[in-house]
Amino acid sequence: MFATFVTLALISFAIAGLRDLARQDGAKIIAAMRGQSWAAEPRPARPAVIRITSTFTESGPAWQPELRAAA
């Protein structure tokens, strides 16, 4: 009885894993079985947002020159 319960639990766990895999990557799997490249298909591209922040200040070096020479 216990072995039957464990076997059914493992089978249901495997089926749940396969179901999640098919849900996430089903299109890729079907395209691969047909011999098509899923990655080569055009997909809508999102615009890239590039933000540039400058942390450089022209107030001079953060260290004292005489301490740098001593090192």
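All heavy atoms count here, side chains included; hydrogens, waters and symmetry mates do not.
- Side-chain contacts under 4.5 Å among hydrophobic residues (ILVMFWY), followed directly or transitively, place I11 together with I15.
- Cluster note: L10 groups with F2, V6 through ILVMFWY side-chain heavy atoms spaced under 4.5 Å, whether in direct contact or through intervening members.
- Separating the CE atom in M33 from the CD1 atom in I30 is a distance of 8.0 Å, to the nearest 0.5 Å.
- Summarising the geometry, atom CG belonging to L21 is positioned 10.0 Å from atom NZ belonging to K28; distances are rounded to the nearest 0.5 Å.
- Clustering of Ile, Leu, Val, Met, Phe, Trp and Tyr by side-chain heavy atoms under 4.5 Å joins I52 with I50.
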